[in-house]
Amino acid sequence: MTKVLILGAHGQIARVATNMFLAESDAELTLYLRNVRRLNGIGHPGRVRVIEGDVMDAESLRTAMDGQDVVYANLSGDLEGQARHIVAAMKATGVRRLIFISSMGIYDEVPGQRYDSILDPYRNAANVIENSGLDYTIVRPAWLNNKDEIAYGTTQKGEPFANPDAVVSRKSVADLVVKLALTPHAEMRSSLGVHKN
Ligand SMILES: NC(=O)c1ccc[n+]([C@@H]2O[C@H](COP(=O)([O-])OP(=O)(O)OC[C@H]3O[C@@H](n4cnc5c(N)ncnc54)[C@H](OP(=O)(O)O)[C@@H]3O)[C@@H](O)[C@H]2O)c1
């Protein structure tokens, strides 16, 4: 049974992914979020543990990491600082697998587009993760919507981002996250663009 720690578990993609993990796998989930009262109606009490905490709280994060197989980070805000805390806690606890949600545009991989300083936290976080030595996969979605569809493709770092003007569903990104988390060795040390297909 894979043990998955979801950081920022009240995030929109994270909530879709949580439901998919529960419906489609026997993974054991630890939901880590800043305000647990927000999480209503999550069933499967034997398989779900909920921890109230901030990713910037090193001690709480280390406690949550202990014994996990996979860390899935679905965060916003000070992503570079968050990435540093996550990498440090993973090294301290010996957890190696990290899936980290970033954004399209961090490598200037979108033909004809430059996203300037607005993406710096995403770029800097990716840099921290790529230099961590951990078994990471960075996920770089296109613009997101909440459509009830799974329709996506991926591109690798170094390739132009495919179909960048189309909006991809959060459900598609969640599908990719679940596959990455549950498939041993999938896309290790890679950074995937996720586009609408
Ligand atoms: N919108 C788009 O089209 C688009 C496109 C590509 C990429 N992205 C990026 O993809 C990422 C995930 O998307 P999403 O829609 O799932 O985002 P979201 O709903 O904004 O979720 C982000 C989560 O991060 C949590 N968080 C922030 N700082 C935290 C901290 N210090 N400790 C613990 N939790 C913290 C927030 O918690 P609280 O609930 O407590 O605030 C929130 O639940 C975001 O970074 C987003 O910017 C977005």
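Each ligand, and each atom within it, is numbered from 1 in the order the structure gives.
Near His10, meaning under 4.0 Å from one of its heavy atoms, ligand 1 places the atoms 39 (O), 43 (O). Atoms of ligand 1 found under 4.0 Å from any heavy atom of Pro141, numbered from 1 in the order shown, are 6 (C). The Val55 neighbourhood of ligand 1 comprises atoms 30 (C), 31 (N), 32 (N), 33 (C), with distances under 4.0 Å to a heavy atom of that residue. Counting the atoms of ligand 1 from 1 in the order shown, those under 4.0 Å from a heavy atom of Leu144 are 2 (C), 3 (O), 4 (C), 5 (C), 8 (N), 48 (C). Interface of Asn74 with ligand 1, defined as ligand atoms under 4.0 Å from a residue heavy atom, comprises 12 (C), 14 (P), 16 (O), 21 (O), 22 (C), 23 (C), 24 (O).
Annotation: Lys91, atom NZ; neighbour count of heavy atoms from other residues, nucleotides and ligands within 6.0 Å is above 12.
Residue Arg34 holds the heavy atom nearest to atom 38 (P) of ligand 1 of all those in Arg15, Arg34, His85, Gln12. Looking at Ser103, Gly105, Ser102 and measuring to atom 9 (C) of ligand 1, the nearest heavy atom belongs to Ser102. When Pro121, Ala174, Ala142, Ser76 are ranked by how near their heavy atoms come to atom 5 (C) of ligand 1, first place goes to Ala142. Of the listed options Ala17, Gly11, Ala14, Gly11 places a heavy atom closest to atom 21 (O) of ligand 1.
Using cut-offs of 30° and 60° for the angle between ring planes, the Tyr72 and Phe21 rings count as tilted.
Residue Ile101 touches ligand 1 through its side chain alone, judged by heavy-atom distances below 4.0 Å. The part of Arg38 lying near ligand 1 is the side chain, judged by heavy-atom distances below 4.0 Å. At a heavy-atom cutoff of 4.0 Å, ligand 1 is contacted by no atom of Ala9, backbone or side chain.
Checking only distances, Asp54 does come within under 3.5 Å of ligand 1, N or O to N or O. Looking at ligand 1, you won't find any N or O of Gly53 less than 3.5 Å from one of its N or O atoms. For a threshold of 3.5 Å applied to N or O pairs, the pair formed by Ile13 and ligand 1 contains at least one separation below that value.
A donor-acceptor pair is defined here as one N or O able to donate and one able to accept, closer than 3.5 Å; no such pair exists between the side chain of His195 and the backbone of Pro164. Judged purely by atom type and a 3.5 angstrom limit, Tyr32 has no side-chain atom pairing as donor or acceptor with the backbone of Glu52.
Checked by atom type, the side-chain pair Arg49/Thr30 shows a donor-acceptor distance below 3.5 Å. Thr137 and Arg97 share a side-chain donor-acceptor pair at under 3.5 Å. Between Tyr136 and Ser191, the side chains place no donor N or O within less than 3.5 Å of an acceptor N or O (distance only, hydrogens not considered). Asp120 and Tyr122 form no side-chain donor-acceptor contact under 3.5 Å, judged by distance and modelled atom types alone. Side-chain polar atoms of Ser169 and Tyr152 form no donor-acceptor pair below 3.5 angstrom.
At least one heavy atom of Arg170 sits closer than 4.0 Å to an atom of ligand 1. Note on ligand 1: Arg140 sits outside its first shell, no heavy atom being nearer than 4.0 Å. No heavy atom of Leu33 sits closer than 4.0 Å to any atom of ligand 1. Between Tyr122 and ligand 1 there is a heavy-atom distance shorter than 4.0 Å. Taking a 4.0 Å cut-off on heavy atoms, Gly77 fails to register as neighbouring ligand 1.
One finds a salt bridge joining Lys3 and Glu28 here, because a Lys/Arg side-chain nitrogen approaches an Asp/Glu carboxylate oxygen to under 4.0 Å. Between Lys171 and Asp148 there is a salt bridge, since a side-chain N of the basic residue sits under 4.0 Å from a carboxylate O of the acidic one.
Distance from atom 35 (C) of ligand 1 to its nearest protein heavy atom, with residue and atom name: Leu75 CD2, 3.5 Å.
Tested against Glu109 for a salt bridge (charged side-chain N to carboxylate O under 4.0 Å, His left out), the candidates Lys157, Arg123, Arg140 yield a single pass: Arg140.
Following chains of ILVMFWY side-chain contacts shorter than 4.5 Å, one cannot reach Met188 starting from Ile86, and the two form parts of different hydrophobic clusters.
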